[in-house]
Amino acid sequence: MADYFIDVLLDEGRLQAIKDAGLGDNIKYRFAGELKLVEVHVSEDTKNKILKEFDTARTDSRNAITDVPVAFLRELYHQVVKTKSLGDEAVEATLAKVDEIKDLAAKESEYLPAPEID
Amino acid sequence: MSRFLIQRPLPHGGRLVERVVRDPERAKKMIKGCPTYDIKPTLHYESEVPVRNVYREIMSICYGFFSPVEGSMCQAEVERILKERRLLNEWIFPYPLVFDISKDDFKKLGVGSGDRLVLNLKGKPFAILDIEEVWEISDTEELADKTFGTPEDNPEVVREKFNKKHPGWVIYKSLNPIVLAGKYTIINEPIFRAPFDRFWYPPRKAREEFDKRGWRTVINHQTRNVPHVGHEFLMKNAAFTGDLEPCHGILVNAIIGVKRRGDYPDEAICEGHEAVNTGGYIKNSRHLPTICLWDMRYGNPLESLLHGIIRQNMGCTHHMFGRDHAAVGEYYDKWSTQILWNEGIPSFGFPAPPTDVPYGLEIRPQNMREFSFCPTCKEMAYSETCGHEREKLSGSFLRGMVAQGVQPPAIIMRPEVFKVVVKWWKHFNYPFCNEKYVINKEKELEVDLKDL
């Protein structure tokens, strides 16, 4: 059992890709089914690497790693699908692109498009 | 009258400090011929980004939030606080508060004990400091360590040595070496900008507002966050404490000051809490969101002590405290605030809770655990009463969701609150505080000043 985890939220498109990757059984339905996600499990060592790379990152009361850049979460989702893994393998593949993610994160710290809501 | 009725407590120290001159002619006379100094933000000792602005302390002192503190502390008072968390007049107080300047500025000013210094803010006269003592901080790192404690000296609650990842420790580490100690007086009342203006209830006004609303018992909710439904349930349920009946009012008091990257903007925090009552989730007549200016030190039990003081001064009878109260990282035991209010922390000068020591507080702590969503009960449930496995809510989880542009389910964040988040997201082009926000905020501050 991993010590920590990262939530990857799923919209309809992502939901299908996760199922196609053979990870459908791992989809979790939260808050009366209103939120769908998969948990990527993270070891203590990998958690420390993430916290070292991203100074906003922290762990919350659930032992979830949060406040990582959106670019990191986006890449993590791609790596989950690519590696068909919900563990350190996907996280390590994501961290291999850390420079690229940091470049994107620097841009996203200036601007993130707001959603249109009613 | 029932003997169980709880009455509003007196301010901490017995009387409310109010050091504000409202007559401009009198103010002009008071500052005539005095040297002036432009208030500067405290800059991070390495990165040089603003980490504190002493103007916020001057505001909170002069309007009575920190009663009975009246100014920048002398050396003996700081030493006593670090040793026993008491002011020289015996009343308990958690933190050193000082007006610090650089050696160069001190040389240029040429002031000393007995002088009156005019403090300018945004280029306009704002306050005066009547200097009673000038002293030097020999080692700001030692001051920072002593302010927050160490695992060796405070083993009951301190779990890790403080370092530069802790924003409060950085504030003390970054102080200038020369302290001008003495009483502050505001001589030109700042005008709060929207939206902060409608949340400004300094202690006297808060107490008057409670009278107007017929609130005898009031429970405070400390916040530095946009509220999710877990916060809302915490407020509603903690308010059942009261005495013969639930608390008449719920005071939300948001700490407004230097922000950390990733926090919500202060504007969204204030209006987010307001949306809880405009949306009807807590009746407007029972709910009052307000602000207090303070650059948070994130001192968990020590910060909770300051919160108790602020809210008692505002007239609250109760204060709710949760897990990891005003904390960052894992420097303190996550329940250390509740330990302080339950049994005291002897190494911090509290052999008993702050309510049970001489010159202590009267506000009643309400130590709460957590609310989270129970899929079996199909509602928000309290951790100590619900017997099912629940889905924990965390502010940072929600922030992650918001950052990805996913509207949180209404069951965890009210749509009215999310609307406020998006409103300020559009305003700042970003949902949270980024470097640009932090720098601009410290330039613009929350207030403007008129010419005197």
Side-chain angles (χ1 to χ4, degrees), chain A residues 3-15 28-37 39-40 44 47-48 50-52 54-77 104-118, chain B residues 47 165 229 260-263 322-324 327-330 334 370 372-380 383 390-413 415 418-419 421-437:
Chain A
D3 296 309
Y4 297 90
F5 65 92
I6 303 173
D7 285 324
V8 175
L9 302 176
L10 306 175
D11 57 17
E12 290 309 310
R14 283 183 171 192
L15 198 67
K28 294 185 188 295
Y29 298 84
R30 297 274 189 252
F31 305 109
E34 289 196 49
L35 199 67
K36 299 163 196 76
L37 54 85
E39 286 178 357
V40 180
E44 175 84 26
K47 180 262 299 184
N48 290 338
I50 295 169
L51 263 52
K52 198 177 159 201
F54 305 105
D55 58 3
T56 55
R58 54 185 114 172
T59 55
D60 72 7
S61 58
R62 306 169 303 147
N63 273 5
I65 299 167
T66 63
D67 297 274
V68 289
V70 174
F72 177 89
L73 293 172
R74 211 176 286 133
E75 185 59 33
L76 179 60
Y77 158 72
L104 290 167
K107 285 175 199 151
E108 85 187 29
S109 71
E110 282 295 308
Y111 175 75
L112 271 177
E116 288 306 324
I117 57 167
D118 297 333
Chain B
S47 65
K165 284 195 97 173
V229 179
R260 289 190 310 149
R261 279 184 300 151
D263 287 346
R323 174 185 50 77
D324 270 336
V328 60
E330 289 164 8
K334 61 184 170 186
E370 293 155 295
S372 45
F373 182 75
C374 172
T376 311
C377 301
K378 294 188 171 46
E379 63 182 12
M380 296 300 289
S383 57
R390 284 159 292 107
E391 293 171 358
K392 272 192 168 185
L393 261 181
S394 96
S396 35
F397 171 60
L398 264 170
R399 276 197 299 275
M401 201 183 302
V402 169
Q404 293 176 75
V406 177
Q407 173 154 1
I411 211 160
I412 55 175
M413 184 182 267
F418 187 65
K419 212 169 179 176
V421 170
V422 173
K423 171 189 163 182
W424 289 102
W425 184 341
K426 286 181 176 171
H427 183 85
F428 294 117
N429 283 322
Y430 200 69
F432 312 115
C433 299
N434 55 14
E435 204 163 328
K436 191 174 160 196
Y437 177 89

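Numbers restart at 1 for each chain; the letters A, B, ... are given by sequence-line order, proteins then strands.
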Heavy-atom neighbours of B:Glu435 CD exceed 12 at 6.0 Å:
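No, the 6.0 Å shell around CD holds no more than 12 heavy atoms from other groups.
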For [X], is it the side chain, the backbone, both, or neither that has a heavy atom closer than 4.5 Å to a heavy atom of chain A?
{"X": "B:Lys378", "value": "neither"}
{"X": "B:Arg399", "value": "side chain"}
{"X": "B:Glu330", "value": "side chain"}
{"X": "B:Lys334", "value": "neither"}
{"X": "B:Pro375", "value": "neither"}

Determine whether the aromatic ring centres of residues A:Phe72 and A:Phe54 are separated by less than 6.0 angstrom.
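Under 6.0 Å, so yes.
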Taking all non-hydrogen atoms of both residues, which atom of [X] and which atom of [Y] are closest, and how far apart?
{"X": "A:Val8", "Y": "A:Tyr77", "value": "CG1-CB, 3.8 Å"}
{"X": "A:Glu110", "Y": "B:Tyr430", "value": "C-CD1, 4.4 Å"}
{"X": "B:Phe397", "Y": "A:Leu37", "value": "CZ-CD2, 4.1 Å"}
{"X": "A:Arg62", "Y": "A:Asp60", "value": "N-OD1, 2.8 Å"}

Sort [X] into side chain, backbone, both or neither according to what part of it lies under 4.5 angstrom from a heavy atom of chain B.
{"X": "A:Ile6", "value": "neither"}
{"X": "A:Ala32", "value": "both"}
{"X": "A:Pro113", "value": "backbone"}
{"X": "A:Arg58", "value": "side chain"}

Nearest 0.5 angstrom please: B:Met380 CE to B:Ser372 OG, how far?
6.0 Å
Choice from A:Leu73, A:Asp67, A:Val70 maximising heavy atom contacts with chain B below 4.5 Å
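Greatest number of close heavy-atom pairs with chain B: A:Asp67.
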Top contributor to chain A contacts, counting heavy-atom pairs under 4.5 Å, from B:Gly400, B:Ala403, B:Pro408, B:Pro415:
B:Ala403
Most heavy-atom pairs under 4.5 Å with chain A, out of B:Lys436, B:Lys392, B:Glu391, B:Gln407, belong to B:Glu391
Chi angles and distances behind the salt bridge (charged side-chain N to carboxylate O under 4.0 Å, His left out) call for A:Asp55, B:Arg261
CA-CA 9 Å; A:Asp55 58 3; B:Arg261 279 184 300 151; 2.9 Å; yes
